[in-house]
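Fair warning: this is a prediction, and the values are worked out from it, not measured in the lab. If you read the sequence from its start, that first residue is 1, and numbering goes on from there.
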Amino acid sequence: MKSLLVVSIVLGWIICGVAAEKPRVFITDSKSWEISGGVGGTQDGFGGASKGGARPQTAEIIKTFGERCPAVIVNNKQEKADYVVLLDHEGGKELISRDNKVVVFNKDGDSIVSRSTRILGNAVKDACATIAEDWPKQLIKASNAPTKSEMASPAVAKSQ
């Protein structure tokens, strides 16, 4: 009876500790490319130029995430993350264009939101709200999952 009480207290501490923990988020972008160029000429000459390359925006996205979503921990190790946020922040488009695309994946790899917004902050806000809504579900799922010792017990019992 006393051991059951001790196990209950320990499990309660573990569950409270997990519930207090913030979700870990890995942020990435799709490494999109931008290419632009132009040509022109007259009777006396002709010329052209082009430029292009990757426009990484990950640091700006992480900064915005840190400012607008304090309920998460931004992590640089994808394998340790509870969520992966893919956010494309494209600059230089017309005002009407939706130039920020965001997708959030949970730990199982399932897409839980996919949206386009005009403003980076709104894309981050949408991702943050989705994570805040999904995180309690993930905690419940994790607390109901069998532990390693519970999974190993039947095998030990069968071998004896």
Test side-chain contact (heavy atoms from CB on, under 4.5 Å) applied to Val124 and Val85, step by step: CA-CA 9 Å; Val124 170; Val85 176; over 6 Å; no
Pair Phe26-Val74, side-chain contact (heavy atoms from CB on, under 4.5 Å): steps then yes or no: CA-CA 6 Å; Phe26 177 80; Val74 177; over 6 Å; no
Tyr83 vs Ile112, side-chain contact (heavy atoms from CB on, under 4.5 Å): CA-CA, chis, key distance, verdict: CA-CA 10 Å; Tyr83 297 91; Ile112 58 174; 3.8 Å; yes
Check against salt bridge (charged side-chain N to carboxylate O under 4.0 Å, His left out), Arg68 and Asp126: CA-CA 10 Å; Arg68 302 220 177 179; Asp126 290 350; over 6 Å; no
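At least one side-chain heavy atom of Asn106 sits under 4.5 Å from a side-chain heavy atom of Gln138. Residues Ile131 and Val72 are in side-chain contact: their nearest non-hydrogen atoms beyond the backbone lie under 4.5 Å apart. Residues Gln78 and Ile27 have side chains not in contact (no heavy-atom distance under 4.5 Å, counting atoms from C-beta outward).
Between atom CD of residue Glu21 and atom CH2 of residue Trp135 there is a gap of 6.0 Å, rounded to the nearest 0.5 Å. Separating the CG atom in Asn100 from the CG atom in Asp88 is a distance of 8.5 Å, to the nearest 0.5 Å. Distance check, rounded to the nearest 0.5 Å: OG1 of Thr28 to CZ of Phe105 gives 10.5 Å. The SG atom of Cys69 lies 9.5 Å from the NZ atom of Lys22; values are rounded to the nearest 0.5 Å.
When the shell of 6.0 Å around NZ of Lys107 is examined, it contains more than 12 heavy atoms from other residues, nucleotides or ligands. Within a 6.0 Å radius of CD in Glu60, other residues, nucleotides and ligands contribute more than 12 heavy atoms.
Partners of Asp110 under the salt bridge (charged side-chain N to carboxylate O under 4.0 Å, His left out) rule, at least two apart in sequence or in another chain, do not exist in this structure.
Scanning all heavy atoms of the two residues, the minimum distance from Pro23 to Ala71 falls at CD-O, 3.4 Å. What you find for Ala132 and Pro136 is that their closest heavy atoms are O-CD, 3.2 Å.
Linking ILVMFWY side-chain heavy atoms closer than 4.5 Å, directly or via other members, places Ile73 and Leu87 in two distinct hydrophobic clusters.
Remark: of the listed residues Val104, Val103, Asn122, Val102, Val102 is the sole one forming a side chain to side chain contact (heavy atoms under 4.5 Å, CB included) with Arg115.
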